Protein chains: 2
Amino acid sequence: MAIKTIISGHEMSPRQGEILDAALVLLVSSGGNLTMGGLVKAANCSKETLYNWFGDREGLLIATIQWQASKVREPKIDLKQIDIASFENALNSFASDLLGVLSSDISVALNRLAISHANSELGNAVLENGRYAMGRRIKPLLRAAKKKSLLTYKSDEEAFRTLFGLIVRDVQIRLLLGDEIKYSKAKINKEARLAIEQFLTLYQN
Amino acid sequence: MAIKTIISGHEMSPRQGEILDAALVLLVSSGGNLTMGGLVKAANCSKETLYNWFGDREGLLIATIQWQASKVREPKIDLKQIDIASFENALNSFASDLLGVLSSDISVALNRLAISHANSELGNAVLENGRYAMGRRIKPLLRAAKKKSLLTYKSDEEAFRTLFGLIVRDVQIRLLLGDEIKYSKAKINKEARLAIEQFLTLYQN
DNA sequence: CTTATGCCGTACCGTACGGTACGGTACGGC
DNA sequence: GCCGTACCGTACCGTACGGTACGGCATAAG
């Protein structure tokens, strides 16, 4: 690992990106058991390169997590002129995005990986790029809505965690444990809408 | 594995229970990496015995999951004469119990284990004794409340999943990923009460 | 006393995998 | 042409671990 850990996904060379993409594919197809030898074959690279670039296996896995995180776009909303309609819209988008990501093969594989190496830095990396990033991203929206008196709540954190619970429910843990659920776009949108409706019932002014 | 898988935790001999308890302790203390050799040392037994009784490693792990599940008591409530107070009380107990269990070392260790072996039967075993058992246990309560017009909802499943989301929120995934949260009895009760209050706001008649 | 059974302890085997070493090749700078 | 750098491919090493074999001891049945 060492210093490389700090490097964000954006600073990867094209070839490094290729390798990390191969790692993601392999991680999904192998059911989470990525081996260095397997990646060498899948990415047509040498072990020497792998170890030169990423230090060791854990460094590679962390780079893979950050690489994946660097791909998700953060949609920007104008917080200054927000009204009830655009606010609800933004919440619905957020909920759909979140459910879409959490139910994706890649997210499931990366979360499984991090969870099964709980002592290492992998868990932290996933938390930082997942749950915490979500909070940082959505709290300004909540605060803006509160300022406009669209919402009433005591603490950002509590409101966000309620929103999170209403959106995610049992979906993530079931998927992680191997429950076979099909999550179509339509189903995601339906669940997202229900979650936001309930959230607004609880917190709307 | 084979047939042993079906045996529930109750049919274990005292010595077998000792070994499974040792497996639980080892699972927690080793951070989820239970090895057969390690268990032999920890439980003062022989590998031969382990393999005779449990078939292979997976059989042992499934037996361990079922053994743990067999320990949790299921409190009984009289569904016939339920009123708003006793219903809210039952929900609060359920929520506290659930948070208490999910935040325990053993639950975290077993869920990590099952998640990191998603292709095997372990995930199923944890789902069956965890999330699904919860549903089976709480739905009669919800139905009874609905019958007494204490609650309004369309589907048992939807109502339960909302309840689940409000109670669990981000607690389980954060713990699984290694987030260091201290969950005291007081904090658990506080979060449980909030969840039930919100649930009743959404579904109470 | 004798035999069978159940279990402990240890030694052992095979393999998968992380990590290292090194020869070979392509390419850019000088 | 010559060297350095970057990378591929392969062979190799060490070890951890799942699983097997077997000898030894204790207890119970006959």
Side-chain angles (χ1 to χ4, degrees), chain A residues 1-5 7 11-23 25-27 29-65 109 112-114 116-122, chain B residues 1-5 7 11-23 25-27 29-65 109 112-114 116-122:
Chain A
M1 292 216 311
I3 304 159
K4 302 258 177 164
T5 306
I7 295 178
E11 298 157 30
M12 292 288 158
S13 74
R15 180 62 179 137
Q16 288 173 326
E18 273 179 46
I19 289 182
L20 294 179
D21 280 330
V25 171
L26 197 57
L27 217 39
S29 66
S30 72
N33 296 332
L34 179 143
T35 67
M36 300 302 267
L39 181 55
V40 161
K41 265 193 295 182
N44 289 318
C45 65
S46 70
K47 276 197 181 184
E48 188 186 14
T49 301
L50 249 37
Y51 284 94
N52 274 341
W53 286 350
F54 305 107
D56 57 10
R57 183 167 179 270
E58 184 176 334
L60 170 76
L61 294 175
I62 290 182
T64 305
I65 289 169
R112 278 189 185 142
L113 180 72
S116 60
H117 295 58
N119 25 6
S120 75
E121 282 299 307
L122 291 180
Chain B
M1 295 217 310
I3 305 161
K4 302 261 178 165
T5 306
I7 294 178
E11 298 155 30
M12 292 287 160
S13 74
R15 180 62 179 138
Q16 288 173 327
E18 274 179 48
I19 289 182
L20 294 179
D21 280 330
V25 170
L26 196 57
L27 218 39
S29 66
S30 73
N33 297 331
L34 179 143
T35 68
M36 301 302 268
L39 182 55
V40 161
K41 266 193 296 182
N44 289 318
C45 65
S46 71
K47 276 197 181 183
E48 188 186 16
T49 302
L50 250 38
Y51 284 93
N52 274 341
W53 286 351
F54 305 108
D56 58 10
R57 184 168 178 269
E58 183 177 334
L60 170 78
L61 294 174
I62 290 181
T64 305
I65 289 169
R112 279 189 184 145
L113 179 71
S116 60
H117 294 59
N119 25 5
S120 74
E121 281 300 306
L122 291 180

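Only a predicted model underlies this, so the values are computations on that prediction, with no experimental measurement involved. Each chain gets a letter, A, B and so on, in the order the sequences are listed, and its residues count up from 1. Computed over heavy atoms, backbone and side chain alike; hydrogens, waters and symmetry mates excluded.
- Two residues are said to be in side-chain contact when any heavy atoms from C-beta on lie closer than 4.5 Å; A:Leu20 and A:Phe54 meet this criterion.
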Could you please spell out the steps behind the side-chain contact (heavy atoms from CB on, under 4.5 Å) verdict for B:Cys45 and B:Glu18? CA-CA 10 Å; B:Cys45 65; B:Glu18 274 179 48; over 6 Å; no
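- Closest non-hydrogen pair, A:Ala43 versus A:Ile19, comes out as CB-CG1, 4.2 Å.
- Checking the phosphate oxygens (OP1, OP2) of C:dC8, a side-chain nitrogen or oxygen of B:Thr49 falls inside 4.0 Å.
- Rounding to whole angstrom units, CG of residue B:Leu26 and C1' of D:dC17 are separated by 14 Å.
- Side-chain atoms of A:Arg57 come within 3.5 Å of backbone N or O of A:Leu34 as a donor-acceptor pair.
- Minimum interatomic distance between B:Met12 and B:Gly17 (heavy atoms only, all atoms of both residues): CB-N, 4.3 Å.
- Atom CG of A:Leu39 and atom P of D:dG9 are 12 Å apart (whole Å).
- Per the geometry, CD1 belonging to B:Ile19 stands 11 Å off P belonging to C:dG9, to the nearest Å.
- Helical stems in DNA chain C, defined as runs of 3 or more consecutive Watson-Crick or G-U wobble pairs with donor-acceptor distances under 3.5 Å: C:1-30 with D:1-30.
- For C:dC7, the OP1/OP2 oxygens have a side-chain nitrogen or oxygen of B:Trp53 closer than 4.0 Å.
- With rounding to whole Å, A:Leu50 atom CG is found 12 Å from C:dT20 atom P.
- In this structure, the nucleotide among D:dG9, D:dT20, C:dG18 sitting nearest to the side chain of B:Lys47 is D:dT20.
- In this entry the distance linking CE of B:Met36 with P of C:dC13 reads 20 Å, nearest Å.
- Counting to the nearest Å, the C1' atom of D:dG18 and the CZ atom of B:Phe54 are 16 Å from each other.
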Pair A:Thr35-A:Val40, side-chain contact (heavy atoms from CB on, under 4.5 Å): steps then yes or no: CA-CA 9 Å; A:Thr35 67; A:Val40 161; over 6 Å; no
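- Residue A:Arg57 contributes atom CZ, which lies 15 Å from atom P of C:dT20 at whole-angstrom precision.
- With rounding to whole Å, A:Glu48 atom CD is found 12 Å from C:dG19 atom C1'.
- Listed by chain and number, the residues in a salt bridge (charged side-chain N to carboxylate O under 4.0 Å, His left out) with A:Glu48 amount to none (sequence neighbours excluded).
- In this structure, of C:dC8, D:dG9, D:dG18, it is C:dC8 that holds the atom nearest to the side chain of B:Arg15.
- The side chain of B:Tyr51 approaches D:dG19 more closely than any other nucleotide in the set C:dG19, D:dG19, C:dC17.
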